Number of protein chains: 2
Amino acid sequence: MLKHAPKTTSVTGGAADVPVDCKNCGAYQLCMSLWLKTGDSSLLERVVKKKQVFKRGELLYHMGQQVDYMYVIRGGSVKTSVSTEDGQVQVIGFHEEGELLGLNAIESRQYSCEARAMRVTSVCEVSMERFEELAGRDPAIQHEVLKIMSAEIRLSHELLLLLGKHNAEERLAIFLLRLSQQFARRNCSPTEFNLSMSRSDIGNHLGVAEETVCRILARFQDDGIISSECRHIKLNDMKRLQQIAHLRPIEQT
Amino acid sequence: MLKHAPKTTSVTGGAADVPVDCKNCGAYQLCMSLWLKTGDSSLLERVVKKKQVFKRGELLYHMGQQVDYMYVIRGGSVKTSVSTEDGQVQVIGFHEEGELLGLNAIESRQYSCEARAMRVTSVCEVSMERFEELAGRDPAIQHEVLKIMSAEIRLSHELLLLLGKHNAEERLAIFLLRLSQQFARRNCSPTEFNLSMSRSDIGNHLGVAEETVCRILARFQDDGIISSECRHIKLNDMKRLQQIAHLRPIEQT
DNA sequence: CGAGACATTGAGTGCGTTCAACCACTGTGG
DNA sequence: CCACAGTGGTTGAACGCACTCAATGTCTCG
């Protein structure tokens with residue numbers, strides 16, 4: 001029952017050493033607008049330095065570090081987090097292939113959070129300096145930046161609502177449903193997938209103890225709502241999961 | 001001991017009907033860059049429709065509403081919040097004179113949160129349409145927008161850390177210290193001020209019950225750390241407050 | 001004056017925590 | 001090859017923080 005999954009690359013996870021198709025990349029529009037505006041195909045090469053690889057546990061960047069690059073995840077998984085002076089850490093997001101990191105602090109010139117690879121992860125490093133030169137001249141790129149930052153704010157707000165107004169069970173249900181949507185968006189199965197993050201990371205992200213994550217997942221499994229074996233998750237009853245996620249726990253505001 | 005403060009306008013709070021000096025406005029740079037670039041003083045008048053007034057409890061805008069205006073607070077207090085479909089509300093920020101609201105959703109064309117006046121509040125309404133026309137031509141304005149959105153993201157991250165990793169006592173201490181800084185920035189006393197929000201709003205914002213807010217403030221008062229009479233707060237011992245706020249409650253990550 | 005919002009305080013409870021032990025599996029070094 | 005330490009996951013027991021429920025007081029507003 002407690003068999004740990006072998007370390008071979010999972011089917012749904014996507015191998016880190018297989019470069020993703022640019023057309024399916026989350027930054028495709030951004031990259032193409034660089035390309036098309038200039039008509040100079042070598043420009044993309046100069047701005048985008050490809051194939052930087054980070055091993056499991058390595059930092060892409062840390063809080064306060066000067067912003068030199070932004071990163072597009074080609075394959076792998078990254079978690080972002082903020083921390084207090086005394087070392088408390090809050091995981092604010094999990095990121096998979098196609099996502100763009102490092103733009104949320106574009107104004108302050110310092111990364112406002114840290115990013116760490118959860119497994120072997122390959123990225124496109126994009127020179128921030130060059131990028132900003134282009135962005136200054138091209139409103140379309142500016143607009144892409146706004147789009148990304150808006151999305152970041154929206155996500156933060158969702159997480160705030162989760163941390164402030166939901167109990168542990170609801171948090172887990174919401175988390176699973178969001179993961180499901182995320183996988184669906186990447187054309188993976190929305191009901192069966194492999195988690196790229198540990199129980200500890202999930203607990204930290206959701207503001208509950210690691211043990212509580214285990215217990216609640218076990219309860220969901222006992223109730224037949226999900227099947228969970230280590231990092232392999234199968235959602236059997238989306239409807240009940242949604243009920244748990246949305247049911248008001250306290251009636252009044 | 002439970003005397004409620006009379007409803008006369010407080011000294012530190014600033015009367016809502018007295019327009020703030022534009023030079024001290026948080027959006028001064030933004031407004032001036034509109035002004036100076038064009039050299040047309042009537043332009044500002046056309047973009048900024050002045051002196052819209054909202055009464056206590058009135059909505060400036062709600063979630064999902066189409067973005068037509070952004071708002072600069074001239075005087076008064078506003079709370080912003082997000083909510084779930086089933087009516088759960090999470091207050092994400094309190095805003096005073098000089099602050100700019102409504103830019104966090106510039107990309108999606110829909111406000112991503114709601115804004116509600118906590119007392120009589122006068123604002124400058126800024127036409128979003130006109131504003132974007134100008135922003136499209138002027139990189140300096142674009143940069144101001146990025147600056148504001150970056151600040152929004154930074155604030156969200158701070159609140160996430162607070163909700164995810166601190167107990168009720170720490171939350172209150174952190175909240176009071178942040179308020180203190182905020183007042184200092186507006187050239188008001190950092191150790192004695194009037195709260196513009198209710199205990200209920202504070203509790204909601206910090207993710208604790210209203211009663212817990214009362215109890216902890218009472219405890220702080222018993223310990224001589226603060227003096228609290230209704231909405232009038234005096235910080236007597238900033239050092240101990242900072243100890244409470246930063247002291248690690250759990251040692252390991 | 002009564003209704004309602006806001007604030008305070010007490011009593012009791014429960015959810016999620018901490019502490020602890022244990023299992024399964026991985027990687028390293030003798 | 002096996003022993004060992006280390007990581008990640010699971011489960012049980014007990015505690016305590018913050019919650020809910022309830023009552024009461026103070027002030028505002030219509």
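Please read these numbers as outputs of a predicted model, since none were measured by experiment. Chain naming here is simple, since letters A, B, ... match the order of the sequence lines and numbering starts at 1 in each.
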N or O in side chain of Arg56(A) less than 4.0 angstrom from dG8(D) OP1/OP2: yes

Side chains of His246(B) and Thr84(A), donor plus acceptor under 3.5 Å: no

- prompt: How would you label the contact of Gly207(A) with the nucleic acid (heavy atoms, under 4.0 Å): base, sugar-phosphate, or nothing?
  reply: sugar-phosphate

task: Measure the angle between the two terminal helix axes of the helix from dC1(C)-dG30(D) to dG30(C)-dC1(D), five base pairs each, and quote it to 10°.
output: 30°

task: Look at the aromatic rings of Tyr71(B) and Tyr61(B) and report parallel, tilted or perpendicular, splitting at 30° and 60°.
output: parallel

task: Return each pair, listed once, that meets salt bridge (Lys or Arg N to Asp or Glu O under 4.0 Å) where at least one residue sits in residues 204-226 of chain A; pairs must be two or more places apart or across chains.
output: Glu169(A)-Arg219(A)

task: May I ask you to say whether Glu96(B) pairs ionically with Arg119(B), meaning some side-chain N is under 4.0 Å from a carboxylate O?
output: yes

field: Base of dT18(C) paired with side chain of Arg215(A) (donor-acceptor, under 3.5 Å)
entry: yes

- request: Please state how far atom CD in Gln221(B) lies from atom C1' in dA7(C), giving the value in whole angstrom units.
  value: 13 Å

field: Separation of dG9(D) P from Ile216(A) CD1 (nearest whole Å)
entry: 16 Å

- request: Determine: side-chain N/O of Thr212(A) to OP1/OP2 of dT17(C), distance under 4.0 Å, yes or no.
  value: yes

query: Roughly how many Å is it from NZ in Lys165(B) to P in dT18(C), rounded to a whole number?
result: 10 Å

task: Please state whether the rings of Phe183(A) and Phe193(A) are parallel, tilted or perpendicular, taking 30° and 60° as the class boundaries.
output: parallel

field: Any residue meeting side-chain contact (heavy atoms from CB on, under 4.5 Å) with Leu59(B), in chain and number order, not counting sequence neighbours
entry: His62(B), Glu114(B), Arg116(B)

statement: Of the candidates dT9(C), dT11(D), dT17(C), the side chain of Cys214(A) sits closest to dT11(D)

- prompt: Can you tell which of dC6(C), dG16(C), dC19(D) lies closest to the side chain of Ser198(B)?
  reply: dC6(C)

- prompt: Rounding to a whole Å, what distance do you find between Glu210(B):CD and dA22(D):C1'?
  reply: 14 Å

- line: When rounded to whole Å, the CE to C1' distance for the pair Met118(B) and dA5(C) reads 16 Å

message: Please report the distance, rounded to the nearest Å, between CZ in Arg231(A) and C1' in dG8(D).
response: 8 Å

query: Counting just side-chain N and O atoms, does Arg199(A) come under 4.0 Å of either OP1 or OP2 of dT10(D)?
result: yes

- request: Round to a whole Å and report the spacing from CG of Asn204(B) to C1' of dC6(C).
  value: 15 Å

message: So, applying side-chain contact (heavy atoms from CB on, under 4.5 Å) with Leu60(A), which one of Thr121(A), Val123(A), Thr80(A) is it?
response: Val123(A)

- prompt: For Glu211(A) and dA21(C), what is the distance between atoms CD and P respectively, to the nearest whole Å?
  reply: 14 Å

